[in-house]
Amino acid sequence: MVNKIKTCVFISGRGSNFLSILKYSRDYNFPIKIELVISNNIKAKGLIYANKYGIPFKFFSSSNQKNFERNCLKEIKKRKIKFICLAGFMKILSNNFINSFRNRIINIHPSLLPKFKGLNTHKRVLNTKDKYSGCTVHFVNSKLDSGKIILQKKVSIDKNETKKSLQEKILKQEHKLYPQSIISIFK
Ligand code: GAR
């Protein structure tokens, strides 16, 4: 694909979803190209991957949201970024920022939305009698984890499931669901 959509991935930590999207994006027919990684955590492991694979990356402190978003927008404009993937980015973006990228920001969340929006998802799921959990890729709107759902993947919760085992099981699915969702948006 000649004209891949210039994309920025926002991370805060491990960056395994970023790495998975990056691997898929090497395919000629994959619709996007990651041209920038932004982290609000200087210690994010994902930044090490960005460095390793030669993807431009920036750390901006998010302690002041206005400054953070101003810095992001400046860099995004400079690089003509048209699409944003939030991948383990643990900060809420302002309505202003979201509106300036309407329908062009997507996020992955480790539950079957609309169930279990917000933090500590797996722990909360395990406190219920639910037999299934999963992950969701959705468009970002002004309400937390509430934008239009793109794709979801369900996993079963086993009898002796722990927070760690559930998290690992779901993460494995996330790594496939995120790239599939990107393909489905641009097909
Ligand atoms: C993923 O499980 C993602 O779904 C979750 O954080 C993890 C990031 O992992 N996101 C959220 O909880 C957003 N509310 P990664 O840094 O290895 O991609």
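Worth saying up front: this structure is predicted, and the values here are computed from it rather than measured. Positions are given from 1 along the sequence. In what follows, every heavy atom counts, from backbone to side chain, and hydrogens, waters and symmetry copies are set aside. Whatever order the structure lists them in is the order used to number ligands and atoms, beginning at 1.
Those atoms of ligand 1 with a heavy atom of Gly88 less than 4.0 angstrom away are 6 (O), 8 (C). Taking every non-hydrogen atom of Gly15 and a distance limit under 4.0 Å, the qualifying atoms of ligand 1 come out as 15 (P), 16 (O), 17 (O). Distances below 4.0 Å separate heavy atoms of Met90 from the following atoms of ligand 1: 11 (C), 12 (O), 13 (C).
Ion pair Lys172/Glu168 not flagged as a salt bridge, since none of the NZ, NE, NH1 or NH2 atoms sits closer than 4.0 Å to an Asp/Glu carboxylate oxygen.
Taking 4.0 Å as the cut-off, Ile108 counts as a neighbour of ligand 1 on heavy-atom distance.
Of the listed residues (Glu174, His175, His122), the one carrying the non-hydrogen atom nearest atom 1 (C) of ligand 1 is Glu174. Considering Pro110, Gly118, Ser111 only, the shortest heavy-atom separation from atom 11 (C) of ligand 1 involves Pro110.
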Using the rule given for salt bridge (Lys or Arg N to Asp or Glu O under 4.0 Å), can you reason through Arg79 versus Glu35, listing the C-alpha separation, both sets of side-chain angles and the distance that settles it, and then say yes or no? CA-CA 8 Å; Arg79 295 178 186 273; Glu35 301 226 333; over 6 Å; no

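Of the N or O atoms in Asn17, one or more lie within a sub-3.5 Å distance of an N or O in ligand 1. Annotation: Arg14 places an N or O atom under 3.5 Å from an N or O atom of ligand 1; distance criterion only. For ligand 1, the polar-atom distance check against Gly13 finds no nitrogen or oxygen pair separated by under 3.5 Å. Looking at Ser16 next to ligand 1, an N or O pair under 3.5 Å apart turns up.
Ring planes of Phe30 and Tyr24: tilted class, angle from 30 to 60°. Between Tyr49 and Phe18, the two ring planes are tilted [angle within 30° to 60°].
The backbone N or O of Lys143 lies less than 3.5 Å from no partner atom in the side chain of Lys117, so there is not a single donor-acceptor pair. Looking only at distances, a side-chain donor or acceptor of Gln152 sits under 3.5 Å from a matching main-chain atom of Leu113.
A 4.5 Å side-chain heavy-atom check between Val9 and Leu36 finds every atom pair outside the cut-off.
With respect to atom 14 (N) of ligand 1, the closest heavy atom belonging to the protein is His109 ND1, 3.4 Å.
Once rounded to the nearest 0.5 Å, the distance linking CD1 of Ile108 with CG of Leu151 reads 9.5 Å.
At a heavy-atom distance under 4.0 Å, no atom of Gln167 approaches ligand 1.
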